[in-house]
Every structure is written in C-alpha cells, then in structure tokens.
There are 2 protein chains.
Amino acid sequence: MKSLASNDRPREIPEASLRRLPIYYRSLQMMMRAGISQVSCADLARALGLDPTLVRKDIEMTGIVGKPRVGYTLQDLVQWIENFLGWNRPKKAVLVGAGSLGSALLGYDRFRSHGMEIVAVFDIDREKIGKRIHDRLVQPLMLLPDFITREHVPLGLIAVPAAAAQSVADLMVVGGIRAIWNFAPAHVRVPARIILQNEDLYHSLASLSFKLENVPPENGIIYAEDN
Amino acid sequence: MKSLASNDRPREIPEASLRRLPIYYRSLQMMMRAGISQVSCADLARALGLDPTLVRKDIEMTGIVGKPRVGYTLQDLVQWIENFLGWNRPKKAVLVGAGSLGSALLGYDRFRSHGMEIVAVFDIDREKIGKRIHDRLVQPLMLLPDFITREHVPLGLIAVPAAAAQSVADLMVVGGIRAIWNFAPAHVRVPARIILQNEDLYHSLASLSFKLENVPPENGIIYAEDN
DNA sequence: CTGAATTAGAGAACTTTTTCTCGATAATTA
DNA sequence: TAATTATCGAGAAAAAGTTCTCTAATTCAG
C-alpha cells in the first residue's frame, strides 16, 4: 500500500517543485482570505496561469490526498504545505554582514513565519559592532563559531562583500552550521554535507542581459505566466 | 561549415549554463589578477570544484574556440564572456520601490559593469518622492510609464511590497518594458513576450527549510562544491 | 437510482540538462 | 621526426524535470 496521509518519507523531491510550493501557498492564502473553502489543482493552476498537471504533480508530491471531483479542503492544504516545508517550525539562523543588504534582510519580519528566525547578527566592522539593527545587537565576527555551536544554530546567512564570503563560510563550518544561504556574489566552497543555497544576483543578471539582446522583441499577443 | 569565431546565432542556450557563466567569469578575473595568461576548462573546473565536462560544455556554448593542449587566452575568454552576455553594453533600467531593498539595489555600483544601469527610481510614497538615494532622485510612480516609453528603457526592477507588485508590473508593461526583474515575493502575470525573472527569497527559503528537516545531518568527509 | 461531468492519481512520452566517451589537434619530449 | 600527452569539440547516453494521456473514483443533475 502507498503512503496515504503521511508525509514521513521525503524520498525524491524535485528541487523545482520545492521552489514552486511558496507560489501555491501564497495563492491559497489569498483564496482563504477570500472565504473559499475547497480548492482543486485546476483552480490553483488557473489562478496562477500555470499548467494544471504541473500543479497537480507538485501538490501530489507533498503526499496530501484529495478527493476526486472536489479537490482539497483549503485550510488543510495550506497547513499541509506549511508542515511539509517546516514553515511552522522556525529554525534559528545567524546573519553575518550588517551592511545595507544585511539590514534589509533583518527587516523581513515574515521570515519567522516561513521557517527561519534570525537570532543574531555579526560583523567585523568596529563601527557597526555594538549597534542595534531592527532590534538585534551586532556582535563581533570572532564570536560567530562559538555562538553557532552553543546555540545549535543550523543556518547561516552571508551578506558580506564577495572577498570576505569564503572566510565567513569557513567560520560557519567550524561552528558546525548545517546550511548556508549565501547572498555574496562569490562562489564559496564548503564540505559536501553542508546545504548551500546561493542567492547571486549576477546569475540572474547574466540571464536577463543575454535575453534582452538575443530574444527578439516579439509582438506577442497571448497572455501567459512566469518561469 | 559550423560557425567558428562568431557568437552571432544564439540558437539554444540552456538557462542553467547562462546562469553559471558569472561564476566562471569571476574566477577568470581572479586568475587574470594573479597574472595567469592561458587557461583550460580543466583549470577552471579545478579552481571551482566543478565537473570539467560541465565547464567545457558551458564555455563551448558561448561559441569561443580554444586550442587543444592549451585552452584559451585568459583575456580573450573574459572579454568573450562579457560580450556574449552583453555585459559590456549596459542596458537602462528603472527601479520601483525606494525602501530598504530598493536602496540596497541602488548601492550595487557593480551593476553598470554587468550590463545594467539603473537610470531612475520611482515610488508611490510621498515621503520618499523628491529625496535622493545613492545620487538618484525618487520620482512619483505615475510618471513611470511615460519615462519608460520616452527613454526606451528595456528593463524594470520591482522592489515593492507583494501587494503592489502586480500593479507596478502592469505599469511597466504599459510603458513598453521588455524585461522585468521582480524582487517582490509575489507571482506577477505579464504578457508572454515579456522576459520575467523572479528573485523570490521565499522560494529559496522553502528549499532550505525542507532540506534542513529532511536531509540527514551526514557525517560527510568529502570536500565538494555548490549547486 | 442512473448517467454525465469533474478531478485525483499514475504511468508514458517528451524535453531539457548533465555526464560520459571518443576522435582530432597541438604542444612537448624523446 | 615520431611518440606521447593534454585538451578541445562533438556526439551518445543517462538523469532530471515537465507535459500528456488514461483510468478510477466521486459528486451532482435529472
């Protein structure tokens, strides 16, 4: 028998599907606010302008079971996704880099309801150490590894200049970090066991710049959706 | 005969390859600063901890021709990539949203050498209109479509709250934008002809949160690289 | 109570991306 | 001058991801 109402075994989850779940999640929340109580994958696909089978496969992957002809109970589905992604169990995170990007990240107060809580900020700049940004005290970088170890922080955010990214990553690894979210435009190397997510704007910029020059300015008429 | 030293026909360029070029580009620049003059794909792969054939395919895709047993002239390769991506021909861009994220984006002075120049900033908030951020005047949002049309701006950046993202995108489309770089955590719908790039942190957060809970904390020993 | 319509689920087909393999070429060494 | 080796270039194979198609279950209408 197949697993039914249990999302215990996370066999093989496509990265692409994982990254689409937040899109569904937000759309579902809007529907909920609109007072809807049942939803089918087809509804969701229509609302977002996406392929219905793609949405179905993604939802199916989370392990939730729907009813033919009806779909899913909206509230159940929303909670299921929260639980599937771990968004209802915030994980501690440390941020390194209290510059403009770091400050912007500290301002995102919705992170906590999406699985992450930034519990400490570190910087190497004496000017910044001791100051408070969005209610969090900036600490000296040298305290980072100990803090990670002591507080069992699983996630580290890097928001420092490219040149400093690798050494910050190394410090995090020393402290025993499990995952790194790297916002610096730099390729950092970490042990294979570390989960690494790069948020490098220049990757997107390369794609955009190339397409602007090479994708012909079509006289498109059809309305469609995103990537 | 196959096209040799001409990157004129942009047949089918894999998105994934496009997004890796900046990684190579930066590594090559570092090598150049280190005084190296020749480089092979194998060198590059080694420096980055990536698969050599992957690197070879990506470089090959750009259309540059190398010499067996030697590789490429470093400077030629760097310039070739700049030219291939259009990074040596900055494209005008408008930014909407002068909040903390928008300000951080305006602070990235390296964008201009990477194919993009933010020429104007718009916001709907009266408090912000008229102020200068990183030497650029914040203009009222209602002037956006005209500005795009008049100045032939091909690229628009959205850095507003999620709720406002769709209407800003609509204004850009009205103005005749060709590509949109969306930093708002929202799914915007645009005509198919528009190139859309989403930079949604919650996509990454979903992936990270899920993996932290489901990828076992391996006792890995091997050193490896990123995604 | 019966038939029509809608939807989840599952597998097949297709596409895209990555990895593997091998021949050709140029530099290096004997 | 010939053998050797490192590297590019290109095609084939494999893997990953997306789309298509069909079946079974359930609701709704008559």
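Naming convention: chains lettered A, B, ... in sequence-line order (proteins, then strands); numbering from 1 in each chain. Quick caveat: nothing in here was measured; it's all calculated off a predicted structure.
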- Note on the structure: Once base and sugar-phosphate atoms are separated, protein heavy atoms under 4.0 Å mark nucleotides 20-30 of chain D, 5' to 3', with B, S and - as BB---BBBS--
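Note on the helix from C:dC1-D:dG30 to C:dA30-D:dT1: terminal axis deviation equals 0°, with five pairs used at each end and the result rounded to 10°.
Here salt bridge (Lys or Arg N to Asp or Glu O under 4.0 Å) pairs that include residues 68-88 of chain B, with residues two or more places apart or in two chains, number zero. Note on residues 21-37 of chain B: pairs passing salt bridge (Lys or Arg N to Asp or Glu O under 4.0 Å), not counting sequence neighbours, are A:D200-B:R26. Here salt bridge (Lys or Arg N to Asp or Glu O under 4.0 Å) pairs that include residues 35-45 of chain A, with residues two or more places apart or in two chains, are A:D43-A:R46.
Taking only side-chain atoms of B:A42, from C-beta outward, the nucleotide of C:dT18, D:dT7, C:dT17 with the closest atom is D:dT7.
For B:T53, the side chain to side chain contact (heavy atoms under 4.5 Å, CB included) criterion is met by B:D51, not counting sequence neighbours. For B:R20, the salt bridge (charged side-chain N to carboxylate O under 4.0 Å, His left out) partners are B:D58, not counting sequence neighbours. Residues satisfying the salt bridge (charged side-chain N to carboxylate O under 4.0 Å, His left out) test with B:E15, not counting sequence neighbours, are A:K211.
Other residues, nucleotides and ligands contribute at most 12 non-hydrogen atoms within 6.0 Å of the CD atom of A:Q75.
A:Y72 has its OH atom 9 Å from the C1' atom of C:dT7, to the nearest Å.
Applying the 4.0 Å criterion to OP1 and OP2 of D:dT18, one finds that A:R20 has a side-chain N or O inside that range.
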Report all side-chain donor-acceptor pairs from residues 99-112 of chain B shorter than 3.5 Å, counting only partners two or more places apart or in another chain.
residue : atom : partner : partner atom : Å
B:S103  : OG   : B:G99   : O            : 2.8

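Of the two residues contacting DNA chain D, namely B:D43 and B:E60, the nearest-nucleotide position lying further toward the 5' end is that of B:D43.
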